[in-house]
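Right, one structure below, let's go through it.
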2 protein chains.
Amino acid sequence: MAGIKDVAARAGVSVATVSRVLNDHSGVREETRARVLRAVSELSYRPNTLARSLRTDQTRTLGLVISDVLNPFFTELARAVEDEARGRGYSVIIGNADEQLALQDHHVRTLLDRRIDGLLVSPAEGDSVALREAALAGIPMVFVDRWIEGLDVPVVRTDGTRAVRDLVTHLHRLGHRRLAIITGPVASTTSNERLAAFRAALAEVGLPLPDHYIGQGDFQTASGRRATSEFFSLPEPPDAVFATDNLMALGVMEQLRTLGLRVPDDVSLAAFDDIPWFLHTDPPITAIAQPTQELGHRAVAALTDLVEGRSAGSVTLSAHLIARRSCGEDERTRR
Amino acid sequence: MAGIKDVAARAGVSVATVSRVLNDHSGVREETRARVLRAVSELSYRPNTLARSLRTDQTRTLGLVISDVLNPFFTELARAVEDEARGRGYSVIIGNADEQLALQDHHVRTLLDRRIDGLLVSPAEGDSVALREAALAGIPMVFVDRWIEGLDVPVVRTDGTRAVRDLVTHLHRLGHRRLAIITGPVASTTSNERLAAFRAALAEVGLPLPDHYIGQGDFQTASGRRATSEFFSLPEPPDAVFATDNLMALGVMEQLRTLGLRVPDDVSLAAFDDIPWFLHTDPPITAIAQPTQELGHRAVAALTDLVEGRSAGSVTLSAHLIARRSCGEDERTRR
DNA sequence: ATGACCGATGTAATCGTTTCCAAGCGCGGC
DNA sequence: GCCGCGCTTGGAAACGATTACATCGGTCAT
């Protein structure tokens, strides 16, 4: 593979000059520049980014560690992040944590070893040594969707409080009185926020939230199944279930199907995060939608601010309820 | 950030020795090795992979260019690829081509600039200059799912011929006679294979495949909608539609919903690629399932063979039909 | 005529590793 | 007592770029 030296030789100049035209520094005679450019294309030379990064100490690469690639919310987020980053001249390297702390830290370290310029992360549950060290070491870093308490890192996220309240009101109005929730991991910030909002909203309408109506999940499909099966072995099962992410909602559907129960006749269902398929499920599923794309864009904006030496603050967007048939109301009778 | 020199100084040895223990070369006294290791952990030193790769000319990184991250089939594939690669000591960098040739080539070049050791790609439609050059330049490369004709590159893929035939037989047995297909991009190998299999199977049961029953899609949701709306402005619309990927099937569902048509009463639907949600749609959707994980694993195996100097051949797995209610048969009456 | 200055280019150090080669040392065989 | 050998270790040259600094004509003001 041709190197800068080959180009220099072919153009009859020094490597310094080649480098100058490549990085368009001023002060190269027009004719020389043309000669260099010609040599570059004749050899179809491409600079070695490893060498360049080693020397300049910047990679123009952002790391993105997401919780789970199989979750459509995160892939949409990843897509938005990549788009925005590319527009700003950065590449993105994605690491999939699969909701596992160890895997997350593995990726964080790998990314850091690659000397990425900044890190975007939606942290998994638990105490991440790698993330804490990185933050302390001053690696430009932004949390997206989820975050870790006590770290001085900007957070770009969606606040679902209002939407969860709307959901509870909605369910209450439809006559549901035994509302259950399936949470994410105990230490997950988003899950806790959603749980707190749910509990507060229930209190507002004068409903209790007994412990056995709190299913302990982990944002993965299987845990939705598990929680559902526990709910329905209760003497008095819930009449509505709120899954705090879309994969657990899938798990709920799967388990209800094996139990032979129907939505919304036997139980209502709602989910956090809206995905295209929710419109075509049987029945269409009520969901709380996040402005996912904007989340990604804003996160990249914040991170590049940090990387390029500007300061960056946290951003909070808001989610909204999309009511569909899964909560009992027939949308066809509504309008 | 601490470098190998700092470690050497702290351990009281030369950088050469540090490097030797880091790469565990033999011939370092046990006591020296221990001292070095201690220094490494005291400084929490991590080797700079850029420098290392520059010197050794290998990155232990694989590039994966997929057609569309928003397509669950590809994210599942990506996940499998990453798992397998990690197991073999490689990292994976993903590029999302979004079904666009230009974006694909952008990623291919970026990946090559990063000096990845090998490239796994599921090529988009069209003549990719970047891929052709890479193949010619001898970059270790493997195609997965889709491929490009005339390039000497191993292909790891699924053959759907048999499954498509099973599907056609299934539809025919259920009384359908006007079968339509929505294809991917014209030059797409997988789409062409599926179309050819569909046409052949129709011939076998003595059914025609008129041109107006061939919807021209591009593997994206919107094209599924478009093709469906064309089908239903025909004097005689099809009574069954086969979408050659899951996103286009989503588009079909969306369009049928706006047209007020019901599956399977008004028209049957089947899709290539099975996804978890197909079980919970209204009605559950008949699909042809690929062994996606195995596809990913085998692709990585083939690529690492190439990277590590062994030879690698193509692999063809096979898909199978999963019949659900969307084709008219009520699965509950079957068993 | 001289020196300051300017624009265009080249020389060489540097980034953090790996690895080839040489060197120091102790030891056994002659 | 010397030579050669094996075992450890160190010195220094790469890898391919960027960039501070030097150089070299030439112009212009004095």
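Here is the naming used below: chain letters follow the sequence lines, and residue numbers restart at 1 for every chain.
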Item checked: T32(B) side chain near dT9(D) phosphate (N/O to OP1/OP2, under 4.0 Å) -> yes
Check: What is the distance from CG of D57(A) to P of dA13(C), rounded to the nearest Å?
Finding: 21 Å
Checklist line | L22(A) or G27(B), whichever maps to the more 5' nucleotide of DNA chain D | finding: G27(B)
Next item on the list: Kindly say whether Q100(B) contributes a backbone atom to a donor-acceptor pair with the side chain of D98(B) at under 3.5 angstrom?
Entry: no
Checklist line | Side chain of R20(A) - closest among dT17(C), dT9(C), dC15(D) | finding: dT9(C)
Note to self: Expressed as a whole number of angstroms, how long is the span from Q58(B):CD to dT18(C):P?
What the structure shows: 11 Å
Item checked: dC7(D) phosphate, OP1 or OP2, under 4.0 Å from R29(B) side-chain N/O -> no
Check: Hey, does the side-chain of R115(A) have a donor or acceptor N/O within less than 3.5 Å of a partner on the base of dG16(C)?
Finding: no
Next item on the list: For R33(A) and dT9(C), give me the distance from atom CZ to atom C1', rounded to whole Å.
Entry: 14 Å
Checklist line | S14(A), nearest nucleotide to its side chain (from dT18(C), dG10(C), dA17(D)) | finding: dG10(C)
Note to self: Rounded to whole Å, how long is the line connecting atom CG of L50(A) with atom C1' of dC15(D)?
What the structure shows: 10 Å
Next item on the list: State, without any angle test, whether T61(B) and R114(A) hold a side-chain donor-acceptor pair at a distance under 3.5 Å.
Entry: yes
Notebook entry, point to check: Does a side-chain N or O from N48(A) land closer than 4.0 Å to OP1 or OP2 of dC15(D), or not?
Noted result: no
Note to self: Quick one: does any side-chain atom of S314(B) pair with a main-chain N or O of V156(B) as donor and acceptor, under 3.5 Å?
What the structure shows: no
Next item on the list: Identify which nucleotide among dT18(C), dA17(D), dT17(C) has an atom closest to any side-chain atom of N23(B), counting heavy atoms from C-beta outward.
Entry: dT18(C)
Item checked: S19(B) side chain near dT19(C) phosphate (N/O to OP1/OP2, under 4.0 Å) -> no
Notebook entry, point to check: Within the structure, does a side-chain N or O atom of T17(B) lie under 4.0 Å from either OP1 or OP2 of dG10(D)?
Noted result: yes
Check: Below 3.5 Å, does any donor atom in the side chain of R55(A) face an acceptor in the base of dT18(D), or the other way round?
Finding: yes
Next item on the list: Please state how far atom CD1 in I4(A) lies from atom P in dT19(D), giving the value in whole angstrom units.
Entry: 11 Å
Checklist line | N23(A) atom CG: more than 12 heavy-atom contacts under 6.0 Å | finding: yes
Check: dT18(C) C1' sits how many Å from L54(A) CG, rounded?
Finding: 13 Å
Notebook entry, point to check: Nearest-Å distance, CZ (R60(A)) to P (dA17(D))?
Noted result: 19 Å
Next item on the list: Check every atom of dA20(D), dG11(D), dC15(D) against the side chain of A16(B) and return the nucleotide holding the closest atom.
Entry: dG11(D)
Next item on the list: Would you check if there is a donor-acceptor pair between the side chains of S67(B) and S122(B) at a distance under 3.5 Å?
Entry: yes
Note to self: Can you measure M1(A) atom CE to dC15(D) atom C1' for me and round it to whole angstrom units?
What the structure shows: 15 Å
